[in-house]
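Inspection log for the structure reproduced underneath, given as structure tokens.
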Amino acid sequence: MSTLDAGLIDRFIEVVGTKNALTVEDDRTRYTEENRFIFKGVTPLVLKPGNTEEVAAIVRLANETGTAIVPQGGNTGHAAGAQPDESGDQIVVSLERMNAIREIDPQANTMVVEAGVILETLQQTADGQDRLFPLSLSSQGSCQIGGNISTNAGGVAVLSYGNTRNLVLGLEVVTAAGDIWNGLRKLKKDNTGYDLRDLFIGAEGTIGIITAATVKLFPKPKGRVAAFAGLASVSDCLALLQQAQALAGKSLTGFEFMPSIGMESVTHAFETVRNPLAGKHDWYVLMEISSTRSEQDAMEMSESLLHDAQEARIISDAVVAQNESQRQAFWEIRELMPASQKMLGGSIKHDISVPVHLVPEFLERAEPLVHSVDPGARIFAFGHMGDGNIHYNVSQPEDAGDDWYLTKRELINDPVHQLVVAMGGSISAEHGIGKLKRDLLAETKSPVELEMMRSIKRALDPNNIMNPGKVV
Ligand SMILES: Cc1cc2nc3c(=O)[nH]c(=O)nc-3n(C[C@H](O)[C@H](O)[C@H](O)COP(=O)(O)OP(=O)(O)OC[C@H]3O[C@@H](n4cnc5c(N)ncnc54)[C@H](O)[C@@H]3O)c2cc1C
């Protein structure tokens with residue numbers, strides 16, 4: 001039961017107006033359940049502020065009354081960071097109504113957007129001005145830029161443009177005290193003390209609420225060519241990556257790898273999806289080359305790369321998309337990997353990264369660890385090879401029961417994460433920590449690093465009202 005009494009709830013509702021608050025009578029499940037359905041929280045109240053002043057007023061009241069707040073964007077996060085806990089004492093603050101594009105400046109290549117702008121809307125707005133906002137995730141139709149910034153989201157364009165941190169120039173934030181910090185700068189260079197912007201990026205709502213951001217735009221490529229290759233080993237995938245980077249440099253804007261089980265699952269689960277290659281291969285790579293000069297330039301680079309790779313026997317087969325719909329069909333295969341894996345039953349997931357050159361070694365060393373727990377477990381590893389980011393997922397054996405996930409989760413998680421740490425990697429490459437990996441963070445970070453994080457949290461949120469129970 002909530003300790004939030006009716007009087008206090010009314011004071012919160014007053015800030016946003018009744019039509020922008022969901023209370024007990026309303027269906028709040030969209031705000032309390034996460035997309036993997038592992039955690040489900042409870043809240044007596046969802047508030048939808050319409051501007052920064054309203055956010056500040058909510059936080060001031062929360063701070064004064066010791067009420068815990070859970071900021072929420074599109075609720076697409078994979079770390080259970082955006083849901084309230086089970087106590088019924090935490091209120092959700094959804095940024096969905098704060099969805100204005102405040103300014104777009106093609107000359108400066110910048111855009112000022114409110115936190116609730118859907119990523120796809122941001123991309124389309126930039127596109128309308130002949131600019132590119134490169135952040136690209138399969139959840140882009142529902143995740144919000146505030147959520148992307150708060151999780152420092154990665155996606156498929158990190159290789160060339162960096163992750164969200166690299167795309168943000170300035171922030172507007174409501175601090176845990178309810179003050180408004182206007183840091184919406186457009187500066188590329190700004191060495192004036194501690195970088196507060198960087199502190200809020202990836203903080204997962206634990207030290208303040210991001211209400212707006214200045215983001216970077218880029219020239220829109222004139223040509224984008226995708227190629228699909230079949231390879232015999234992950235070492236060959238790495239060799240292809242190195243060759244592609246040597247030839248195309250920053251023009252290599254995507255490099256994703258997928259296993260044979262992934263291709264089989266996708267083509268089996270989705271009738272309209274076809275393997276672009278004639279034969280079966282142990283591994284597949286989807287790569288994209290972009291050119292600011294022309295489509296022909298991108299095509300020439302792609303063809304030259306594939307020719308060289310074939311000569312060097314790095315790839316077994318390859319095909320280049322001949323038009324936009326083929327390019328999209330290639331990407332669809334990659335985007336459907338998670339959905340097709342879901343159809344194989346219970347799955348133990350790891351969003352990990354290792355130094356790029358160690359990806360083959362990681363896969364080689366992780367496999368016996370998994371199979372020593374369950375020889376029938378099906379390793380379904382795919383992801384952003386160019387960033388060393390592997391979605392190292394393990395599907396249940398074909399004949400396993402529904403409890404497989406629960407009985408094997410820790411047994412598989414532990415050695416996999418230990419290996420990641422031993423290889424100098426990260427236990428969360430792009431999905432964040434949230435509630436899901438809070439204990440794991442504490443186990444894998446050094447005491448010095450953990451204490452610095454906790455000191456920051458204590459200093460900026462002394463009453464622990466901002467998303468308590470998450471991250472640290
Ligand atoms: C199909 C699918 C594909 C995905 N692919 C990728 C991928 O390739 N790469 C990747 O990195 N992620 C991926 N994700 C995960 C997810 O989409 C990202 O983490 C995304 O950035 C979350 O944005 P959101 O608006 O949904 O945030 P939410 O899930 O609502 O929130 C995430 C965290 O940020 C906090 N938060 C949200 N908004 C604010 C704010 N304005 N101020 C302060 N804190 C805030 C929340 O409290 C929470 O801790 C994928 C998810 C799905 C469902």
Side-chain angles (χ1 to χ4, degrees), residues 30-37 39 41 46 49 52 55 59 68-84 90-99 113-122 135-158 163-165 167 171-176 199-213 254 256 331 334-342 349 351 353 382-384 387 389 391 428-438 461 466-471:
R30 185 162 82 78
Y31 302 89
T32 53
E33 287 177 359
E34 46 103 29
N35 62 68
R36 289 179 177 175
F37 306 107
F39 297 102
V46 177
T52 306
V55 175
V59 179
I69 290 179
V70 182
Q72 192 176 94
N75 197 14
T76 67
H78 279 334
Q83 299 77 41
Q90 303 189 336
I91 62 175
V92 173
V93 176
S94 165
L95 277 296
E96 67 193 63
R97 285 180 63 234
M98 292 191 56
N99 57 6
V113 291
E114 289 187 344
V117 173
I118 300 286
L119 175 56
E120 200 164 65
T121 309
L122 203 162
L135 182 65
S136 176
L137 326 174
S138 309
S139 53
Q140 61 201 28
S142 42
C143 63
Q144 300 174 5
I145 189 65
N148 302 144
I149 296 169
S150 300
T151 54
N152 186 25
V156 293
V158 174
N163 49 23
T164 306
R165 188 181 299 282
L167 306 175
L171 289 179
E172 179 188 86
V173 169
V174 169
T175 69
L199 212 49
F200 286 97
I201 299 174
E204 300 181 54
T206 58
I207 49 176
I209 301 185
I210 295 169
T211 47
E256 302 288 310
W331 275 106
R334 165 62 184 87
E335 279 155 13
L336 287 173
M337 284 288 134
S340 71
Q341 198 214 351
K342 223 178 222 173
K349 296 186 158 84
D351 164 41
S353 67
F382 65 97
H384 317 295
D387 312 323
N389 179 187
H391 297 306
S428 184
E430 60 175 8
H431 293 159
I433 297 298
K435 180 171 163 172
L436 187 69
K437 291 188 178 168
R438 196 175 87 129
D461 179 22
M466 295 302 316
N467 217 359
K470 315 286 168 49
V471 187

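Only heavy atoms go into these numbers, but all of them, side chains included; no hydrogens, no water, no symmetry mates. Each ligand, and each atom within it, is numbered from 1 in the order the structure gives.
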Taking all non-hydrogen atoms of both residues into account, name the closest pair between [X] and [Y] and its distance.
| X | Y | result |
| --- | --- | --- |
| Cys143 | Leu137 | SG-CD1, 4.0 Å |
| Asn99 | Gly116 | CB-O, 3.8 Å |
| Arg30 | Gln72 | O-OE1, 4.3 Å |
| Gly434 | Arg438 | O-CB, 3.8 Å |
| Pro84 | Val92 | CD-CG2, 3.8 Å |
| Ser142 | Ile118 | O-CD1, 3.5 Å |

If you have a sec, work out which protein heavy atom is nearest [atom] and how many Å separate them, to one decimal?
| atom | answer |
| --- | --- |
| atom 42 (N) of ligand 1 | Ile210 N, 2.9 Å |
| atom 11 (O) of ligand 1 | Gly154 N, 2.9 Å |
| atom 27 (O) of ligand 1 | Gly147 CA, 3.5 Å |
| atom 28 (P) of ligand 1 | Asn75 N, 3.6 Å |
| atom 6 (C) of ligand 1 | Leu137 CB, 4.0 Å |
| atom 32 (C) of ligand 1 | Thr151 CG2, 3.6 Å |
| atom 4 (C) of ligand 1 | Ser139 OG, 3.8 Å |
| atom 1 (C) of ligand 1 | Ser138 CB, 4.0 Å |

Q: Mind checking side-chain contact (heavy atoms from CB on, under 4.5 Å) for His391 and listing every partner two or more places apart, or none if nothing turns up?
A: Arg334, Asp351, Phe382, His384, Asn389, Asn393, Glu430, His431

Counting only nitrogen or oxygen atoms and a 3.5 angstrom limit, does [X] reach ligand 1?
| X | value |
| --- | --- |
| Gly77 | yes |
| Pro71 | yes |
| Asn148 | yes |
| Cys143 | no |
| Ala115 | no |

Of all the atoms in ligand 1, which lie at a distance below 4.0 Å from a heavy atom belonging to [X]?
| X | value |
| --- | --- |
| Ile209 | 42 (N), 43 (C) |
| Glu204 | 35 (C), 47 (O), 49 (O) |
| Leu95 | 41 (N) |
| Gly208 | 43 (C) |
| Asn467 | 47 (O), 49 (O) |
| Ala153 | 11 (O), 21 (O) |

Main-chain N/O of [Y] paired with [X] side-chain donor or acceptor, under 3.5 Å:
| X | Y | result |
| --- | --- | --- |
| Ser150 | Gly146 | yes |
| Arg165 | Ile201 | yes |
| Glu114 | Thr211 | no |
| Glu34 | Phe39 | yes |

Q: Decide whether Asn467 and Gln90 meet the rule of one side-chain donor and one side-chain acceptor closer than 3.5 Å.
A: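 No.
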
Selected option - heavy-atom contact closest to [atom], from [options]:
| atom | options | answer |
| --- | --- | --- |
| atom 48 (C) of ligand 1 | Gly81, Gly155, Ser428 | Gly81 |
| atom 24 (P) of ligand 1 | Ala82, Gly74, Gly205 | Gly74 |
| atom 50 (C) of ligand 1 | Gln72, His78, Glu96 | His78 |
| atom 45 (C) of ligand 1 | Ala79, Gly116, Ser150 | Ser150 |
| atom 9 (N) of ligand 1 | Glu430, Glu256, Met466, His431 | Glu430 |

Q) Does the pair Lys435/Glu204 count as a salt bridge with the N-to-O cut at 4.0 Å? A)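 The answer is no: the pair does not qualify as a salt bridge.
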
Q.
Heavy-atom pairs closer than 4.0 Å: do any link ligand 1 to the side chain of Thr76, the backbone, both, or neither?
A.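 Both the backbone and the side chain of Thr76 come within reach of ligand 1.
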
Q | Per-residue contact class, Val70 against ligand 1 - non-hydrogen pairs under 4.0 Å | A |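 For Val70, no heavy atom sits under 4.0 Å from ligand 1.
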
Q. Of all residues at least two apart in sequence or in a different chain, which pass the side chain to side chain donor-acceptor pair (under 3.5 Å) check with Thr52?
A.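 Only Arg102, Glu172 meet the side chain to side chain donor-acceptor pair (under 3.5 Å) criterion with Thr52.
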
Q. Asn148 and Gln140: side-chain hydrogen bond (donor to acceptor under 3.5 Å, both in side chains), yes or no, with the steps?
A. CA-CA 10 Å; Asn148 302 144; Gln140 61 201 28; over 6 Å; no

